[in-house]
Undergrad: 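This is the structure I want to talk about, given as structure tokens.
Please read these numbers as outputs of a predicted model, since none were measured by experiment. So that the names make sense, note that chain A is the first sequence line, chain B the second, and so on, each numbered from 1.
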Amino acid sequence: MSEREREARRARLAALREAGVDPYPARVAARETVAGVSEHFADHDEQALEADPVTVSLAGRLMALRPMGKLVFGTLLENGARIQISARKSEIPAELFAAVKTLDVGDFLHVEGPLWRTRKGELTVDLRGFQLLAKSLAPLPEKWHGLKDVEVRFRKRHLDILVNEDARRIMLQRSAVVRAMREVLDGRGFLEVETPVLQPIYGGAAARPFTTEHNAYDQRLFLRISDELYLKRLVVAGLDRVYEIGRVFRNEGISRKHNPEFTMMECYQAYADYRDMMELTQSLVQTICDRVFGTRQLPYRGQVIDFDGEWPRLSMRDAVAERIGVDVLDCPDLPSLQQALRDAGRELGEAPTWGRLVDDLFSEHVEPQLIQPTFVTDYPLELSPLAKRSPDDPRLVERFEAFVGGLEIANAFSELNDPVDQRGRLEAAHRDRDAGDDEAHPMDEDYLEALEIGLPPTGGLGIGVDRLVMVLVDAPNLREVISFPYMRPDD
RNA sequence: GGGCGCGUAGCUCAGCUGGCAGAGCAAGGGACUCUUAAUCCCUAGGUCCGGGGUUCGAACCCCCGCGCGCUCACCA
């Protein structure tokens with residue numbers, strides 16, 4: 001049992017206290033960084049270090065110990081950078097050497113001493129003094145195989161990110177992606193805002209919400225499923241360009257592509273439309289590629305995704321026609337479309353409406369094929385109760401979704417700003433709701449009133465940050481890019 | 001929710017046709033002044049996921065449950 005090891009470490013901790021050592025001191029002596037020292041002395045060979053000795057002062061976690069009698073080697077890890085340390089019995093007092101031998105892998109140390117290079121050429125700090133910064137009482141994962149068990153990796157993410165380079169890399173890259181996203185939006189004059197997570201009426205997407213309640217007011221509240229309606233209220237308020245990067249919550253199934261809470265970037269731009277949002281989407285992703293990865297060609301699951309250039313645009317009608325051989329606009333209602341599909345020898349799902357059937361066809365036959373970045377445009381009206389009707393075809397709306405690697409990463413439209421049309425569309429959704437569609441959009445009188453005050457023509461865009469990162473860093477699973485993904489409670 | 005697979009020492013895993021529960025690493029003791037997966041000797045370490053059944057005998061076969069993974073469905 002690891003209890004044995006924990007007991008051994010506790011015993012050493014007790015011995016330290018006995019000897020008057022504070023195993024958890026409050027302050028760390030002045031120090032340099034491991035990365036800085038490694039970089040600065042990268043070109044200094046053995047002779048140079050001998051001729052002109054340099055003493056360094058470093059802190060970090062002891063990740064390995066290789067005792068060899070009167071010589072001990074160890075590895076210090078600080079902020080992702082490693083450096084070797086050594087302790088030589090001939091160079092330091094006996095008590096100090098003995099103290100080194102009581103260290104455990106996992107302990108935090110401050111060390112100081114001169115730099116030297118081993119025969120193999122490794123830059124090494126020859127310890128002349130050290131201070132324990134924090135005693136580690138529980139063992140780290142095993143050094144050969146590391147931490148591979150997927151369940152343990154996600155349940156004990158502190159260990160995963162500590163010992164698995166890839167997990168750490170993804171954390172850093174995700175942060176860089178979000179930073180680049182903010183820079184682009186800030187550079188275009190967008191104002192970063194925050195809107196309510198707890199909402200009396202949820203909306204802005206088709207999804208089931210989590211519910212909670214406010215004790216003092218005895219009120220039922222929902223965790224937001226999107227930021228949309230509040231952000232558009234802010235555009236009504238005269239904040240012409242706003243964005244929010246925040247967590248949304250959807251009470252639905254969990255999969256490789258779905259976590260119950262995920263990070264969404266939503267932005268709204270007055271006097272713009274969905275075409276402007278297409279340009280913004282492309283520019284955002286390309287700038288992220290440039291700044292974070294230094295290239296617009298990135299590997300994903302054995303293929304190379306090319307984010308450069310103008311992304312192809314494909315209407316949903318053409319996309320479906322290409323794969324299924326049925327022109328959905330030639331079949332204006334559910335029965336005629338079902339008949340056309342039967343004639344084409346296609347399996348029929350149980351779609352309740354024309355729009356849902358079109359969407360089902362698209363999701364099943366087209367979406368998985370969209371590996372290279374692609375804009376899919378012109379969605380059925382009934383799937384998009386918040387999007388502006390297409391001036392060319394009243395059954396369609398000005399909307400697109402961006403797909404990469406078979407994943408939907410962005411959704412955007414020209415926002416519906418006609419309060420009368422909006423009311424009618426929400427009422428229609430409300431009827432679906434009464435008919436049993438529990439994901440249908442609920443009625444929101446307060447939002448409708450805001451629209452009556454007046455929303456300018458506005459383009460809106462939502463990007464699923466986790467999914468975008470998943471594609472960019474070539475992660476097989478959404479959980480890889482979430483610091484603490486949802487896991488069932490274990491016992 | 002359905003199908004398939006997995007669950008053995010702290011970690012990574014082996015365990016044959018049902019016959020004494022194993023290795024490496026980690027841990028404890030010892031040797032060792034150029035290691036970096038250090039090496040060598042010794043020691044300790046088990047609810048074989050849980051429960052039930054079949055059997056003289058179950059880690060192994062059967063049933064139920066739990067957890068995880070993949071996948072399908074759901075989730076635009």
Undergrad: Whole angstrom is fine here: how far is it from CG in A/Leu123 over to C1' in B/rU35?
TA: 15 Å
Undergrad: OP1, OP2 of B/rC75 versus side-chain N and O of A/Lys257: anything below 4.0 Å?
TA: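 No, no such contact exists.
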Undergrad: Starting at CG of A/Leu123, measure out to CG of A/Asp45 and round the result to the nearest 0.5 Å.
TA: 11.0 Å
Undergrad: Begin with the C-alpha distance, continue with both residues' side-chain angles, and end with the deciding distance and a verdict on side chain to side chain donor-acceptor pair (under 3.5 Å) for A/Ser336 and A/Asp333.
TA: CA-CA 6 Å; A/Ser336 67; A/Asp333 51 31; 2.7 Å; yes
Undergrad: What's the separation between atom OG in A/Ser38 and atom CD in A/Glu78, rounded to the nearest 0.5 Å?
TA: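 Between atom OG of A/Ser38 and atom CD of A/Glu78 there are 9.5 Å.
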Undergrad: When rounded to the nearest 0.5 angstrom, what is the spacing between CG in A/Leu386 and CZ in A/Arg425?
TA: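 Going from the CG atom of A/Leu386 to the CZ atom of A/Arg425 covers 8.0 Å.
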Undergrad: Does a nitrogen or oxygen in the side chain of A/Arg10 sit under 4.0 Å from OP1 or OP2 of B/rA27?
TA: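 The answer is no; no side-chain N or O of A/Arg10 sits under 4.0 Å from OP1 or OP2.
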Undergrad: Measure from the side-chain heavy atoms of A/Arg256 and tell me the nearest of B/rU71, B/rU35, B/rU33.
TA: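 For A/Arg256, the side-chain atoms sit closest to B/rU71.
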Undergrad: Please determine, for the side chain of A/His258, which listed nucleotide (B/rU36, B/rA27, B/rC75) has the closest atom?
TA: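 Closest nucleotide to the A/His258 side chain: B/rC75.
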Undergrad: Please measure how far the C1' atom in B/rC11 lies from the corresponding atom in B/rA26, and state the result in whole Å.
TA: 7 Å
Undergrad: Indicate, with a heavy-atom threshold strictly under 4.0 Å, whether A/Asn251 touches base, sugar-phosphate, or nothing.
TA: nothing
Undergrad: Need the pair for B/rC4. Rule: Watson-Crick or G-U wobble, both distances under 3.5 Å, any strand; none if unpaired.
TA: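 Its partner is B/rG69.
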Undergrad: Can you see if the side chain of A/Arg155 gets near the phosphate of B/rC68 - specifically, an N or O under 4.0 Å from OP1 or OP2?
TA: yes
Undergrad: For B/rG46 and B/rG52, measure between their C1' atoms and round to the nearest Å.
TA: 22 Å
Undergrad: What is the distance, rounded to the nearest whole Å, between atom CG of A/Asn164 and atom P of B/rC11?
TA: 15 Å
Undergrad: Once you round it to whole Å, what is the distance between C1' of B/rC32 and CZ of A/Phe73?
TA: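 Rounded to whole Å, this separation is 13 Å.
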Undergrad: For atom C1', what is the distance between B/rG10 and B/rG28, given to the nearest Å?
TA: 14 Å
Undergrad: Counting heavy atoms from C-beta on, name the nucleotide in B/rU71, B/rA38, B/rA27 closest to the side chain of A/Arg66.
TA: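 From the listed options, B/rA38 comes nearest.
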Undergrad: Rounded to the nearest 0.5 Å, what separation is found between the CZ atom of A/Arg313 and the CE atom of A/Met278?
TA: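 Atom-to-atom, A/Arg313:CZ and A/Met278:CE are 4.5 Å apart.
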Undergrad: Scan A/Arg399 against the nucleic acid and name what it touches under 4.0 Å (heavy atoms): base, sugar-phosphate only, or nothing.
TA: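 Base contact - A/Arg399 has a heavy atom under 4.0 Å of at least one base atom.
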Undergrad: Are the side chains of A/Leu109 and A/Leu132 in touch, meaning some heavy atoms are under 4.5 Å apart?
TA: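 Yes, their side chains come closer than 4.5 Å.
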Undergrad: Strictly by Watson-Crick or wobble contacts shorter than 3.5 Å, is anything paired with B/rC34, and which nucleotide is it?
TA: none
Undergrad: Tell me: CG of A/Leu478 to C1' of B/rC75, nearest whole Å?
TA: 13 Å
Undergrad: Nearest to the side chain of A/Leu71, heavy atoms from C-beta on, is which of B/rA27, B/rU33, B/rU35?
TA: B/rU33
Undergrad: Rounded to whole angstrom, note down the C1' distance from B/rA21 over to B/rA44.
TA: 16 Å
Undergrad: Any non-hydrogen side-chain atom of A/Val366 less than 4.5 Å from a side-chain atom of A/Gln369?
TA: no
Undergrad: What residues in residues 75-95 of chain A put a non-hydrogen atom under 4.0 Å from any atom of RNA chain B?
TA: A/Gln84, A/Arg88, A/Ser90
Undergrad: Please classify the nucleic acid contact of A/Glu367 as base, sugar-phosphate, or nothing, using heavy-atom distances under 4.0 Å.
TA: nothing
Undergrad: Could you tell me whether the side chains of A/Ser136 and A/Arg61 share a donor-acceptor contact shorter than 3.5 Å?
TA: no
Undergrad: Roughly how many Å apart are B/rU54 and B/rG15, using the C1' atom of each and rounding to a whole number?
TA: 22 Å
Undergrad: When the P atoms of B/rC13 and B/rC74 are compared, how many Å lie between them, rounded to an integer?
TA: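 Comparing P positions in B/rC74 and B/rC13 gives a spacing of 34 Å.
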Undergrad: Rounded to whole angstroms, how far apart are CZ on A/Arg153 and C1' on B/rU12?
TA: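 So the CZ-C1' distance, A/Arg153 to B/rU12, works out to 15 Å.
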Undergrad: Looking at B/rG45, which nucleotide sits across from it as a Watson-Crick or G-U wobble partner, both distances under 3.5 angstrom, or is there none?
TA: none
Undergrad: Provide the Watson-Crick or G-U wobble partner of B/rG24, both distances under 3.5 Å; none if there is no partner.
TA: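 Answer to the pairing question: B/rC11, which forms a Watson-Crick or G-U pair with B/rG24.
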Undergrad: For A/Ile254 and B/rG1, what is the distance between atoms CD1 and P respectively, to the nearest whole Å?
TA: 11 Å
Undergrad: Of the candidate nucleotides B/rU33, B/rU35, B/rC34, which contains the atom at the shortest distance from the side chain of A/Lys70?
TA: B/rU33
Undergrad: Indicate the ring-plane relationship of A/Phe73 and A/Trp116, choosing parallel, tilted or perpendicular according to the 30° and 60° boundaries.
TA: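 Ring orientation, 0 to 90° scale: parallel.
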Undergrad: Compare all side-chain heavy atoms of A/Tyr274 with those of A/Asp378 and state whether any distance is below 4.5 angstrom.
TA: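 The answer is yes; the side chains approach within 4.5 Å.
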Undergrad: Out of B/rC34, B/rA27, B/rU36, which nucleotide sits closest to the side chain of A/Trp116?
TA: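 Per side-chain heavy atoms of A/Trp116, the pick is B/rC34.
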Undergrad: Rounded to the nearest 0.5 Å, what separation is found between the OG1 atom of A/Thr212 and the CZ atom of A/Phe249?
TA: 11.0 Å
Undergrad: Determine the interatomic distance between C1' on B/rA23 and the same-named atom on B/rG45; round to the nearest Å.
TA: 14 Å
Undergrad: Which atoms of nucleotides 4-8 of chain B (N or O only) lie under 3.5 Å from a protein N or O atom, and what are those distances?
TA:
none

Undergrad: Kindly indicate whether the side chain of A/Ser315, heavy atoms from C-beta on, has any atom under 4.5 Å from the side chain of A/Leu396.
TA: no
Undergrad: Extract from the structure each pairing of a protein N or O with an N or O of nucleotides 22-26 of chain B at less than 3.5 Å, listing the distance.
TA:
from   : atom 1 : to       : atom 2 : distance (Å)
B/rC25 : O2'    : A/Glu142 : OE2    : 2.9
B/rA26 : OP1    : A/Lys143 : NZ     : 2.5
B/rA26 : O2'    : A/Glu5   : OE1    : 3.4

Undergrad: Over all heavy atoms of both residues, which pair between A/Arg317 and A/Val328 is shortest? Give the atoms and the distance, please.
TA: CA-CG2, 4.3 Å
Undergrad: From CG of A/Asp160 over to P of B/rU12, roughly how many Å is that when rounded to an integer?
TA: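 For the pair A/Asp160 CG and B/rU12 P, the rounded distance is 12 Å.
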Undergrad: Rounded to the nearest 0.5 Å, how far apart are CG of A/Leu478 and CG of A/Asn259?
TA: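 One finds 6.0 Å between CG of A/Leu478 and CG of A/Asn259.
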Undergrad: Measuring only between side-chain heavy atoms, which start at C-beta, is A/Glu415 closer than 4.5 Å to A/Met277?
TA: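 Side chain of A/Glu415 against side chain of A/Met277, heavy atoms only: no contact under 4.5 Å found.
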Undergrad: Could you work out the separation of B/rG51 and B/rC60 based on their P atoms and round it to a whole Å?
TA: 12 Å
Undergrad: Take atom CZ of A/Phe154 and atom C1' of B/rG67, then tell me their distance rounded to the nearest Å.
TA: 16 Å
